[in-house]
Amino acid sequence: MSGPLDGITVLDMSRVLAGPWAGQLLADLGARVIKVEHPVRGDDTRGWGPPWLAEDLENGQDDLEKVAAYYLCANRGKQSLALDIASSEGQALVRRLAQGADVMLENFKVGGLAKYGLDYPSLRAENPRLIGCSITGFGQDGPYAHRAGYDFMIQAMGGLMSISGEPDGMPMKTGVAITDVMTGLYATIGVLAALHERSRTGVGRHIDVALLDVQVAALANQALNALVSGVSPERHGNAHPNIVPYQAFACADGYLVLTVGNDGQFSRLAELLGQPEWAEDPRYATNAARVGNRDELVARLQAIFLTRNRDAWLAELEACGIPAGPINTVAEVFADPQVRHRGMRRTLRRDGLEVPQVANPLRFDGAPATSEVAPPRLGQDSDTILAEMGLSAEAIARLRREGIVR
């Protein structure tokens with residue numbers, strides 16, 4: 001079934017996570033995404049294992065290709081063109097592809113593509129309708145523009161680690177490269193906006209997305225807490241700086257997360273816990289009062305939650321309309337009835353190989369927006385793409401012998 005971006009061609013010259021995440025989203029939405037990879041090593045993340053997914057190649061059981069799970073998370077729906085852009089012939093082929101493309105994604109260092117003549121201004125000169133999206137650590141200008149940027153470092157520099165972790169412990173990163181993922185989302189939004197504008201103007205735009213900019217923007221309420229108060233927020237572990245009770249609690253046999261978002265929910269919680277007077281107590285009656293008396297209230301709540309098992313508490317909390325949930329492992333997430341009902345775990349097939357995937361969370365008219373095309377083998381589509389460009393079988397064979405394509 002075609003998607004909203006059916007007919008759009010994306011030249012994806014990015015690697016690792018932020019750029020490929022954007023490319024995968026565009027593929028899920030129906031775009032044709034041609035991923036240009038190095039002919040020997042491919043995308044860096046192909047080797048970021050274990051764990052690995054191994055598949056039999058044409059030569060049989062003794063010839064296996066191992067691909068890291070990391071690569072598989074961000075490259076669904078794409079075609080792989082394994083091409084050496086350091087060669088003059090490789091550069092010429094990319095320019096020809098760009099002439100027919102709608103979007104180019106890239107995450108080279110600033111100026112990195114210019115030495116090949118493949119930077120956005122050069123490509124746009126031959127295709128004014130081309131939209132370029134450059135993803136870097138620090139942006140196209142400024143004192144840090146020349147630096148490489150990785151998610152972990154950006155979480156540190158962008159303030160996220162300073163507000164993550166226990167108050168008396170080391171600042172912590174998140175368990176997922178969340179800045180890369182958010183940058184991929186912002187990049188996709190920028191591309192979609194530029195495509196909409198191009199439908200009116202007929203010309204493309206250049207989009208500059210920096211991981212540091214995204215991380216600063218995504219500080220959200222914590223950024224405004226600092227800007228309004230003039231004080232940098234502290235780490236609160238699993239607690240919330242502005243809402244109480246909104247944190248994890250230990251039960252007799254495990255942990256739950258309690259997220260009381262308003263005074264009505266707190267009143268019901270107090271009733272459930274056998275402390276109805278708390279709802280009228282000036283120390284606890286409003287959220288502002290609860291924040292001011294956080295330590296005292298949390299200690300009283302914790303003592304009560306320790307008296308019963310987690311699932312018993314969760315059942316009663318749900319019955320009273322008080323938001324709460326278990327702290328699931330990743331395996332438990334995919335076994336959860338709601339997650340299973342929504343079809344968030346998918347399996348795609350390629351030449352008999354089963355490739356696990358996590359679905360795109362978007363749905364259009366009830367239908368999931370997830371490509372049915374599994375992440376490609378390195379160079380899987382090189383022959384097809386080059387033949388579409390008019391190259392003969394002999395010319396493709398020569399390029400392969402010379403190591404320009406795979």
Side-chain angles (χ1 to χ4, degrees), residues 5 8-29 31 33-38 42-46 48 70-71 73-78 80 85 94 97-98 101-116 118-124 130-158 160 174 176-195 204-219 375:
L5 295 183
I8 296 297
T9 297
V10 177
L11 181 58
D12 184 357
M13 299 184 68
S14 66
R15 56 215 185 276
V16 187
L17 187 54
W21 197 263
Q24 178 169 270
L25 288 172
L26 295 170
D28 281 344
L29 294 174
V33 179
I34 300 173
K35 182 178 180 70
V36 177
E37 303 186 67
H38 189 277
D43 188 310
D44 299 23
T45 60
R46 285 185 181 272
W48 284 11
Y70 203 120
Y71 173 84
C73 85
N75 289 286
R76 174 179 62 240
K78 303 178 186 180
S80 174
I85 65 169
V94 171
L97 282 171
D102 299 282
V103 178
M104 180 189 73
L105 297 174
E106 60 95 1
N107 62 350
F108 284 71
K109 289 183 182 179
V110 173
L113 284 176
K115 63 183 179 181
Y116 302 125
L118 302 178
D119 54 307
Y120 177 69
S122 297
L123 298 180
R124 186 182 180 182
L130 183 67
I131 293 163
C133 182
S134 297
I135 298 171
T136 57
F138 299 97
Q140 298 295 304
D141 50 37
Y144 301 163
H146 65 284
R147 297 185 185 179
Y150 285 88
D151 177 279
F152 187 10
M153 180 177 70
I154 299 298
Q155 287 192 41
M157 296 180 67
L160 182 59
T174 62
V176 169
I178 195 65
T179 307
D180 273 341
V181 171
M182 290 189 297
T183 301
L185 293 171
Y186 271 102
T188 303
I189 292 168
V191 167
L192 295 177
L195 285 168
R205 287 261 199 171
H206 182 242
I207 303 159
D208 172 7
V209 190
L211 270 70
L212 183 61
D213 295 352
V214 168
Q215 180 53 73
V216 173
L219 289 173

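When reading the values below, keep in mind they use all heavy atoms of this one structure, side chains included, and skip hydrogens, waters and symmetry mates. The residues of the chain are indexed from 1 along the displayed sequence.
- Shown here for Ala98 and Leu130, the closest heavy-atom pair between the two residues is O-CD1, 4.1 Å.
- Closest heavy-atom contact between Tyr186 and Ala217: OH-CB, 4.3 Å.
- If you take OG1 on Thr9 and CG on Leu26, they are separated by 11.5 Å, rounding to the nearest 0.5 Å.
- Tyr120 does not carry Arg124 over the face of its six-membered ring by the limits of under 6.0 Å from the centre and within 45° of the normal.
- With sequence neighbours excluded, the residues forming a side chain to side chain contact (heavy atoms under 4.5 Å, CB included) with Asp180 are Leu17, Ala18, Asp151, Ala177, Leu211, listed by chain and number.
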Run Phe138 and Met157 through side-chain contact (heavy atoms from CB on, under 4.5 Å) and show every step you take.
CA-CA 11 Å; Phe138 299 97; Met157 296 180 67; 3.9 Å; yes
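- Applying the ring pair (Phe, Tyr, Trp, His ring centres under 6.0 Å) test to His38 and every residue at least two apart in sequence or in another chain returns nothing.
- When the options Thr136, Ile135, Ile85 are evaluated for a side chain to side chain contact (heavy atoms under 4.5 Å, CB included) with Phe108, the one that passes is Ile85.
- Shown are Ile189, Thr188, Leu195; of these, the side chain to side chain contact (heavy atoms under 4.5 Å, CB included) with Val191 is made only by Leu195.
- Scanning all heavy atoms of the two residues, the minimum distance from Lys109 to Ala148 falls at CE-CB, 3.8 Å.
- In this structure, Ala194 and Arg205 approach most closely via the heavy-atom pair CB-CB, 4.3 Å.
- The minimum heavy-atom distance between Val209 and Cys133, with the atom names listed, is CG2-SG, 4.1 Å.
- Here the closest heavy-atom approach between residue Glu37 and residue Asp43 is recorded as OE1-N, 2.8 Å.
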